[in-house]
Asker: 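Have a look at this one before I ask anything.
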Amino acid sequence: MSNSTIIDGKAFAEALRERIATATAALKDAHGLVPGLAVVLVGEDPASQVYVRNKGKAAEAAGITARDHRLDAATTQEKLLALVDRLNKDPSVHGILVQLPVPDQIDPNAVIDGIAPAKDVDGFHVINTGRLATGQMDGPDAAMVPCTPLGCRMMLEDRLGDLSGLNAVVLGRSNIVGKPMAALLTQANCTVTIAHSRTKDLPDVCRRADILVAAVGRPQMVQGDWIKPGATVIDVGINRVAAPTEDEPDKMRLVGDVDFDAAVKIAGAITPVPGGVGPMTIACLLANTVTAACRQNGIEPPKL
Ligand code: NDP
């Protein structure tokens, strides 16, 4: 029997995308500005191709011009950096995303460093990381915030309102999820603990959390009895596990980092996988593109 509210990330993302579409229509009317997003894909990775296609479709539906740049798997770092440089200089491109992972001959950090910070809609450039860490969140030189933690914060604030004083545990300390998530929650006045693979007594640490964000990449690792009754649980994990049936012995399914069936009985609210954090990540990429386009044109970004 479920006691939790299930946070519908898909519906939340749809509503956000509608607000973005309204904002882009207003920008076009008032300023003749159409936000532009360039998505660069190197190689043929099937999962990345699906992501890139989905990002393109979602952008166009929200009034953002999306341009794909597909380079073959043998592309050199130099050639990729030359493309990034061209996009940096193109005034019709406001956001640049290089789909990761890139093939082995390319250093992902060199690529991220090559993107102009103002156009870094993934928020991975060290300038943006530094601005986020130092709380530079307003004005033309404000941080671009990584999309996944940005979406998580939006859903948390929608559910809980003011987060001040709440105990937040972020499970995972990656540069793309855990660390920026912890920075955003610190800014929101939570008391933040970052847990990772060397954390002692992890279940106990998690049990203290009013807000638990799981971003570890370990299928269903977080057990029901790790969760404080009534806590808000955000499951960032996307893990593909075997789910064979008689007809489809190779069938796979997606699960999060949280044992959802157990957690849903204890948490106050929880995001499902799929349909939780994932859809918000793409919607936040679009929001970041609109924000970037406004900042690059001296326009106050809309509140999305
Ligand atoms: P990383 O592999 O970069 O980081 C994983 C983190 O989890 C590390 O800090 C690691 O600790 C910690 N960790 C791993 N195993 C354990 C363990 N047994 N106990 C405690 N901590 C552990 O992953 P990402 O942050 O990139 O991604 C995390 C998950 O989120 C993945 O499933 C990924 O697919 C998903 N994801 C989902 C997105 C979405 O849009 N929904 C977007 C991005 C990611 P340590 O640092 O000590 O090694």
Side-chain angles (χ1 to χ4, degrees), residues 6-14 16-17 39 45-48 50-55 58 97-102 108-109 112 121-124 129 132 144-156 168-185 192-209 212-223 225-227 233-241 252-260 263 270-288:
I6 295 177
I7 300 173
D8 186 345
K10 201 162 166 249
F12 202 92
E14 263 165 34
L16 175 56
R17 292 211 308 254
V39 182
D45 180 54
S48 293
V50 173
Y51 287 141
V52 166
R53 204 168 38 241
N54 288 344
K55 284 169 184 170
L97 179 150
V98 178
Q99 184 67 44
L100 300 176
V102 282
N109 289 325
I112 294 166
V121 280
D122 262 337
F124 294 163
T129 311
L132 174 62
M144 296 301 311
V145 178
C147 304
T148 300
L150 183 59
C152 294
R153 188 187 62 181
M154 282 184 186
M155 289 192 286
L156 283 167
V169 172
V170 179
L171 192 40
R173 55 175 165 180
S174 71
N175 290 333
I176 63 167
V177 188
K179 283 181 197 152
M181 186 77 250
L184 287 174
L185 291 169
V192 181
T193 304
I194 304 178
H196 45 75
S197 66
R198 308 296 175 89
T199 298
K200 287 186 184 148
D201 304 325
L202 188 57
D204 275 350
V205 171
C206 292
R207 269 192 287 270
R208 291 201 290 270
L212 178 62
V213 181
V216 273
R218 300 267 181 265
Q220 299 170 312
M221 186 183 90
V222 176
Q223 305 294 301
D225 66 358
W226 296 21
I227 292 166
V233 178
I234 304 288
D235 190 352
V236 179
I238 300 178
N239 308 289
R240 211 168 276 279
V241 296
M252 307 289 277
R253 73 182 176 109
L254 291 183
V255 297
D257 290 339
V258 178
D259 178 353
F260 181 86
I270 183 166
T271 58
V273 177
V277 174
M280 277 303 284
T281 297
I282 294 191
C284 286
L285 171 72
L286 307 180
N288 274 352

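No experiment lies behind these values; they were computed from the predicted model shown. Ligands are counted one by one from 1 in listed order, and the atoms in each one are counted from 1 as well.
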Asker: May I ask whether G178 places a heavy atom under 4.0 Å from ligand 1?
Answerer: no
Asker: Number the atoms of ligand 1 from 1 as they appear, then name those within less than 4.0 Å of a heavy atom of G217, with their elements.
Answerer: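 Answer, ordered by atom number: 28 (C), 29 (C), 31 (C), 32 (O).
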Asker: If we ignore hydrogens and angles and just use 3.5 Å, is the side chain of D259 paired with the main-chain N or O of V222 as donor and acceptor?
Answerer: no
Asker: Can you name the atoms of ligand 1, numbered from 1 with element, that are less than 4.0 Å from a heavy atom of G172?
Answerer: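 In order of number, 6 (C), 7 (O), 9 (O).
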Asker: Below 4.5 Å, heavy atoms only, C-beta onward: do M154 and M280 meet side chain to side chain?
Answerer: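 SC-SC contact between M154 and M280 confirmed.
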Asker: Quick one: which ligand 1 atoms are inside 4.0 Å of a heavy atom on I176?
Answerer: 26 (O)
Asker: Just jot down the ligand 1 atoms closer than 4.0 angstrom to any heavy atom of L202, in number order.
Answerer: 19 (N), 20 (C)
Asker: May I ask you to check whether D257 has an N/O atom sitting below 3.5 Å from an N/O atom of ligand 1?
Answerer: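 Among all N and O atoms of D257, none is under 3.5 Å from an N or O of ligand 1.
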Asker: Students should be able to answer this: which protein heavy-atom is nearest to atom 15 (N) of ligand 1, and at what distance?
Answerer: R218 NE, 3.1 Å
Asker: Looking only at protein heavy atoms, which one is nearest to atom 9 (O) of ligand 1, and how far off is it?
Answerer: R173 N, 2.8 Å
Asker: For atom 36 (N) of ligand 1, what is the closest protein heavy atom, and at what distance to 0.1 Å?
Answerer: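 Of the protein heavy atoms, V236 O, 3.7 Å lies nearest.
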Asker: Nearest protein heavy atom to atom 4 (O) of ligand 1, by residue and atom, and its distance?
Answerer: S174 CB, 3.8 Å
Asker: Looking only at protein heavy atoms, which one is nearest to atom 42 (C) of ligand 1, and what is the separation?
Answerer: T148 OG1, 3.3 Å
Asker: Could you find the nearest protein heavy atom to atom 40 (O) of ligand 1 and give me its residue, atom name and distance?
Answerer: T281 OG1, 2.8 Å
Asker: Check whether any side-chain N or O of N239 sits under 3.5 Å from a backbone N or O of G256 as a donor-acceptor pair, and report yes or no.
Answerer: yes
Asker: Looking only at N/O atoms, are I238 and ligand 1 under 3.5 Å apart anywhere?
Answerer: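 Yes.
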Asker: Which ligand 1 atoms, with their elements, are less than 4.0 angstrom from a heavy-atom of V177?
Answerer: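 Going through ligand 1 atom by atom, the ones under 4.0 Å from V177 are 25 (O), 43 (C), 44 (C).
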Asker: How close do F12 and M155 get, counting heavy atoms only, and between which atoms?
Answerer: CD2-CG, 4.0 Å
Asker: Only heavy atoms of N239, strictly under 4.0 Å: list the atoms of ligand 1 that pass.
Answerer: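 Numbered from 1, ligand 1 contributes 32 (O).
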Asker: To check your reading of the model: name the closest protein heavy atom to atom 12 (C) of ligand 1, its residue, and the distance in Å.
Answerer: V216 CG1, 3.6 Å
Asker: Tell me, do I270 and I7 make a side-chain contact under 4.5 Å, heavy atoms counted?
Answerer: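 Counting from C-beta outward, I270 and I7 never come under 4.5 Å.
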Asker: Under 4.0 Å and counting heavy atoms only, is there anything from the protein next to atom 2 (O) of ligand 1?
Answerer: no
Asker: Flag R198 as yes when one of its N or O atoms lies below 3.5 Å from any N or O atom of ligand 1, and as no otherwise.
Answerer: no
Asker: Just go through S197, P219, G256 and tell me whose heavy atom is the nearest to atom 45 (P) of ligand 1.
Answerer: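 The nearest heavy atom belongs to S197.
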Asker: Below 4.5 Å, heavy atoms only, C-beta onward: do V241 and M252 meet side chain to side chain?
Answerer: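 Side-chain contact under 4.5 Å: no.
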Asker: As a quick check of understanding, evaluate side chain to side chain contact (heavy atoms under 4.5 Å, CB included) for V236 and V273, giving each step before the final call.
Answerer: CA-CA 8 Å; V236 179; V273 177; over 6 Å; no
Asker: With sequence neighbours excluded, what pairs up with R207 under the side-chain hydrogen bond (donor to acceptor under 3.5 Å, both in side chains) test?
Answerer: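 By the side-chain hydrogen bond (donor to acceptor under 3.5 Å, both in side chains) rule, R207 matches D204.
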Asker: Any idea which atoms of ligand 1 are less than 4.0 Å away from a heavy-atom of M221?
Answerer: 17 (C), 18 (N), 19 (N)
Asker: Whether the side chain of D235 engages the backbone of T271 through a donor-acceptor N/O pair (distance < 3.5 Å, no angle test) should be reported.
Answerer: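 Checking the backbone N and O of T271 against the side chain of D235, no donor-acceptor pair under 3.5 Å is found.
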Asker: Give the atoms of ligand 1, by number and element, whose distance to some non-hydrogen atom of G278 is under 4.0 Å.
Answerer: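 In order of number, 40 (O), 41 (N).
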Asker: Can you check whether Q223 reaches P203 side chain to side chain, under 4.5 Å on heavy atoms?
Answerer: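 When only atoms from C-beta onward are counted, P203 and Q223 do not touch, as no gap falls below 4.5 Å.
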Asker: Strictly distance-based, threshold 3.5 Å: is any side-chain N or O of D122 a donor or acceptor partner for the main-chain N or O of L97?
Answerer: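 Such a contact is absent between D122 side chain and L97 backbone.
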Asker: For a quick test of reading the model, state the closest non-hydrogen atom pair linking S174 to P180 and the distance between them.
Answerer: O-CD, 3.7 Å
Asker: Is there a donor-acceptor pair closer than 3.5 Å between any side-chain N or O of T199 and the backbone N or O of L202?
Answerer: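 Looks like no, no N/O pair under 3.5 Å.
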